[in-house]
Amino acid sequence: MKELVEVIAKSLVENPDEVSVTETEKEHVIVLELHVAQADMGKVIGKQGRIAKAIRSVVKAAASREDKKVIVEIVQ
């Protein structure tokens, strides 16, 4: 899942070298924290959060194949 989020985010931003994803596992839930450059935040979130919602939908679909719950958080 971590690699999936990283690939998607790197394709959206202007500074792909500043993209990082940290994975934390808590009680049956995997939390993925996406870190991008401040200038690229708007590109990852999108208008009215549409791109962020799309990223979460893709990850949720991939996680459902493995019977896991994944939460994607976009942090500064």
Side-chain angles (χ1 to χ4, degrees):
M1 300 300 151
K2 179 179 175 180
E3 295 82 17
L4 175 63
V5 174
E6 202 168 313
V7 168
I8 293 171
K10 284 184 177 183
S11 67
L12 293 171
V13 299
E14 288 185 22
N15 302 314
D17 53 324
E18 293 188 35
V19 172
S20 67
V21 179
T22 56
E23 184 174 348
T24 310
E25 192 162 344
K26 303 174 185 174
E27 301 178 21
H28 311 294
V29 177
I30 299 172
V31 179
L32 299 174
E33 292 183 349
L34 174 61
H35 302 270
V36 296
Q38 186 66 33
D40 292 327
M41 277 301 244
K43 292 181 178 131
V44 173
I45 296 172
K47 289 185 180 179
Q48 298 179 353
R50 288 186 181 142
I51 294 175
K53 188 181 286 188
I55 292 170
R56 290 182 179 116
S57 295
V58 169
V59 172
K60 184 177 179 182
S64 69
R65 299 181 83 197
E66 299 177 15
D67 290 329
K68 295 183 180 178
K69 182 174 181 180
V70 179
I71 298 172
V72 178
E73 296 179 353
I74 302 170
V75 294
Q76 293 184 5

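In this text the structure is predicted, and so the values were computed from the model without any measurement. Computed from heavy atoms alone, side chains included, the values below leave out hydrogens, waters and symmetry copies.
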Visitor: Answer with yes or no whether the hydrophobic clustering places Leu4 together with Val13; edges join I, L, V, M, F, W, Y residues whose side-chain heavy atoms lie under 4.5 Å apart.
Guide: yes
Visitor: Hey, could you give me the CD/OG distance between Glu6 and Ser11, rounded to the nearest 0.5 Å?
Guide: 11.5 Å
Visitor: Mind checking whether Leu12 and Ile55 have side chains closer than 4.5 Å, heavy atoms only?
Guide: yes
Visitor: For the residue pair Val36 and Val19, what are the closest heavy atoms and their distance?
Guide: CG1-CG2, 4.0 Å
Visitor: In this structure, would Val7 and Ile30 fall into the same cluster of hydrophobic residues linked by side-chain contacts under 4.5 Å?
Guide: no
Visitor: Could you tell me if the side chain of Val44 sits less than 4.5 Å from the side chain of Ile51, heavy atoms only?
Guide: no
Visitor: Measuring from atom CE of Met41 to atom CD of Gln38, what distance do you get when rounded to the nearest 0.5 angstrom?
Guide: 6.0 Å
Visitor: What distance separates Leu32 CG from Glu73 CD, expressed to the nearest 0.5 Å?
Guide: 9.0 Å
Visitor: For a quick test of reading the model, state the closest non-hydrogen atom pair linking Val21 to Lys2 and the distance between them.
Guide: O-CE, 2.9 Å
Visitor: Could you list all the salt bridge (Lys or Arg N to Asp or Glu O under 4.0 Å) pairs where at least one residue sits in residues 12-36, not counting sequence neighbours?
Guide: Glu14-Lys43
Visitor: Does any N or O in the side chain of Asp40 come within less than 3.5 Å of the main-chain N or O of Asn15, such that one atom is a donor and the other an acceptor?
Guide: yes
Visitor: Is there a side-chain contact between Met1 and Lys68 (heavy atoms, below 4.5 Å)?
Guide: no
Visitor: With sequence neighbours left out, what residues match Lys60 under salt bridge (charged side-chain N to carboxylate O under 4.0 Å, His left out)?
Guide: none
